[in-house]
Peer 1: 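Got a structure here, written out as structure tokens. Questions coming.
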2 protein chains.
Amino acid sequence: MKKTIFVFSSLIIALLVLFQLSKYSYVSGDISLEIIIAIIAIVFFVIGVYINKKTLRKEKLSSPINSKNIEQLGISKREYEVLVQISNGLSNKEIAEKLFVSESTIKTHVSNLLLKLDAKRRTQAIQKAKDLHILAI
Amino acid sequence: MKKTIFVFSSLIIALLVLFQLSKYSYVSGDISLEIIIAIIAIVFFVIGVYINKKTLRKEKLSSPINSKNIEQLGISKREYEVLVQISNGLSNKEIAEKLFVSESTIKTHVSNLLLKLDAKRRTQAIQKAKDLHILAI
DNA sequence: TTGGTTTTGGTACTTTAGTATGACTCCCAA
DNA sequence: TTGGGAGTCATACTAAAGTACCAAAACCAA
């Protein structure tokens with residue numbers, strides 16, 4: 001939010017300065033109009049590139065998880081938690097400790113996940129889950 | 001992104017109107033000049049956004065794999081091939097068939113990979129490899 | 001040609017992963 | 001209030017995965 005305000009403020013100030021310059025040149029005739037326009041064009045071009053790069057970076061960071069696919073596959077809340085931990089590279093034992101349940105429980109969840117994702121292995125499950133956008137890429 | 005462009009355009013137009021209003025009280029200056037400048041600004045801003053989006057799309061398609069990290073970790077060409085197949089969710093047996101070697105060979109490669117990537121499991125290796133940008137994310 | 005790395009492969013072993021099955025509790029909607 | 005899904009856990013098993021150690025080609029640069 002602060003950044004946005006800063007960017008907008010800078011933009012407005014830049015615009016102001018440019019207007020003043022153009023006005024000045026119009027009166028005194030020192031600087032040619034074409035140069036002013038060229039500068040304005042370049043400045044706004046650069047601003048466009050900059051803004052675009054910023055917003056794209058944000059889009060990349062925010063993972064677009066498709067919760068519809070999770071539902072459609074019938075993956076429960078707990079199963080999804082396990083799936084996330086699998087994709088983080090944890091073993092069944094480690095997941096069990098992290099979620100405060102037994103390893104047997106995790107094995108059950110994993111088996112169900114493999115069925116629902118139509119995968120033979122956990123590595124394949126990771127791949128399929130990412131293809132379905134139900135895991136952050 | 002569309003929103004950003006719209007907001008900026010509106011802002012610039014609003015600014016222009018304000019300038020015109022304030023100007024009317026002082027000098028009966030050139031109205032069309034400022035409008036032209038504003039249009040140029042908007043147009044070049046949009047062009048900047050558009051150009052940037054195009055170039056970024058190209059960068060995205062060519063996976064930004066950091067080959068330096070591969071070298072620094074001492075991962076050989078063959079090992080890297082195996083790593084790619086692991087991340088695709090294949091089993092050792094399947095990788096062996098795909099690369100026309102025995103499963104023993106793949107196991108050796110995998111063990112070496114786990115050592116070099118400082119991972120305990122293949123799933124963890126996938127994670128670490130992606131963090132190091134040596135695998136397409 | 002020599003020496004080091006890569007790639008390959010094997011055996012023997014331990015550890016995880018995954019399957020199948022059954023059972024118990026909890027909760028929620030019909 | 002009852003049936004069903006979700007979550008839990010256990011046992012017993014099979015299948016992969018991974019480790020350790022060794023060794024022989026193949027390749028490549030000095």
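Only this structure's heavy atoms are used, side chains among them; waters, hydrogens and symmetry mates stay out.
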Peer 1: Drop me the distance from A:Lys107's NZ to A:Ser102's OG, to the nearest 0.5 angstrom.
Peer 2: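 Output value for this atom pair is 10.0 Å.
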Peer 1: Has B:His109 got a side-chain N or O lying under 4.0 Å from the OP1 or OP2 atom of C:dG9?
Peer 2: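 No, outside the criterion.
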Peer 1: Whole angstrom is fine here: how far is it from CD in A:Glu94 over to P in C:dT15?
Peer 2: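 Interatomic distance, CD of A:Glu94 to P of C:dT15: 16 Å.
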Peer 1: Flag the pair B:Leu117 / B:Leu132 as yes when at least one side-chain heavy-atom distance between them is below 4.5 Å, and no otherwise.
Peer 2: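 In short, these two side chains touch, coming nearer than 4.5 Å.
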Peer 1: State which of D:dC9, D:dA6, D:dT8 makes the closest approach to the side chain of A:Ser102.
Peer 2: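 Selected nucleotide: D:dC9.
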Peer 1: Compute whether any side-chain donor of one residue and acceptor of the other, for A:Asn92 and A:Arg122, lie under 3.5 angstrom apart.
Peer 2: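 A:Arg122 and A:Asn92 do have a side-chain donor-acceptor pair below 3.5 Å.
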Peer 1: Heavy-atom count check: over 12 atoms from other residues, nucleotides or ligands less than 6.0 Å from B:Lys130 NZ?
Peer 2: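 Result for NZ/B:Lys130: enclosed.
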Peer 1: Atom CD1 of A:Ile95 and atom C1' of D:dG7: how far apart are they, to the nearest Å?
Peer 2: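 Atom-to-atom, A:Ile95 to D:dG7, this comes out as 16 Å.
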Peer 1: Would you mind reading off the distance between B:Phe100 atom CZ and C:dG9 atom P, rounded to a whole angstrom?
Peer 2: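 Whole-Å distance recorded here is 12 Å.
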Peer 1: How close or far is atom P of C:dT6 from atom CG of B:Leu73, stated in whole angstroms?
Peer 2: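 Atom-to-atom, B:Leu73 to C:dT6, this comes out as 13 Å.
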Peer 1: Give each protein N/O atom lying under 3.5 Å from an N/O atom of nucleotides 16-22 of chain D, with the pair distance.
Peer 2:
| unit_1 | atom_1 | unit_2 | atom_2 | d |
| --- | --- | --- | --- | --- |
| D:dA17 | OP2 | B:Asn92 | N | 3.0 |
| D:dA17 | N7 | B:Lys107 | NZ | 3.4 |
| D:dG18 | OP1 | B:Arg122 | N | 2.7 |
| D:dG18 | OP2 | B:Arg122 | NE | 2.8 |
| D:dG18 | OP2 | B:Arg122 | NH2 | 3.4 |
| D:dG18 | N7 | B:Lys107 | NZ | 3.2 |
| D:dG18 | O6 | B:Lys107 | NZ | 2.8 |
| D:dT19 | OP2 | B:Ser111 | OG | 2.9 |

Peer 1: A:Tyr80 has an atom OH; how far is it from atom C1' of D:dG7, in whole Å?
Peer 2: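 In whole Å, D:dG7 C1' lies 19 Å from A:Tyr80 OH.
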Peer 1: Can you tell me the distance, in whole Å, between the NZ atom of B:Lys77 and the C1' atom of C:dT5?
Peer 2: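 Rounded to whole Å, this separation is 13 Å.
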Peer 1: Please name the pair of heavy atoms, one in B:Thr123 and one in A:Gly89, separated by the smallest distance, quoted to 0.1 Å.
Peer 2: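 Shortest heavy-atom contact: OG1-CA, 3.5 Å.
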Peer 1: Whole angstroms only, please: what is the CD-C1' distance between A:Glu81 and D:dT8?
Peer 2: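 Checked: the CD to C1' distance equals 14 Å.
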Peer 1: With nearest nucleotide decided by heavy atoms, which residue, B:Gly74 or B:Thr105, maps closer to the 5′ end of DNA chain C?
Peer 2: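 Going by which nucleotide is closer to the 5' end, it is B:Gly74.
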Peer 1: Atom CD1 of A:Ile106 to atom P of D:dG7: distance rounded to whole Å?
Peer 2: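 Value for this atom pair: 11 Å.
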Peer 1: Is A:Lys93 atom NZ crowded by more than 12 heavy atoms from other residues, nucleotides or ligands, each under 6.0 Å away?
Peer 2: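 Not buried by this count: 12 neighbours or fewer within 6.0 Å.
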Peer 1: Assess, by modelled atom type and distance only, whether the side chains of A:Thr108 and A:Ser111 contain a donor and an acceptor separated by less than 3.5 Å.
Peer 2: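 No.
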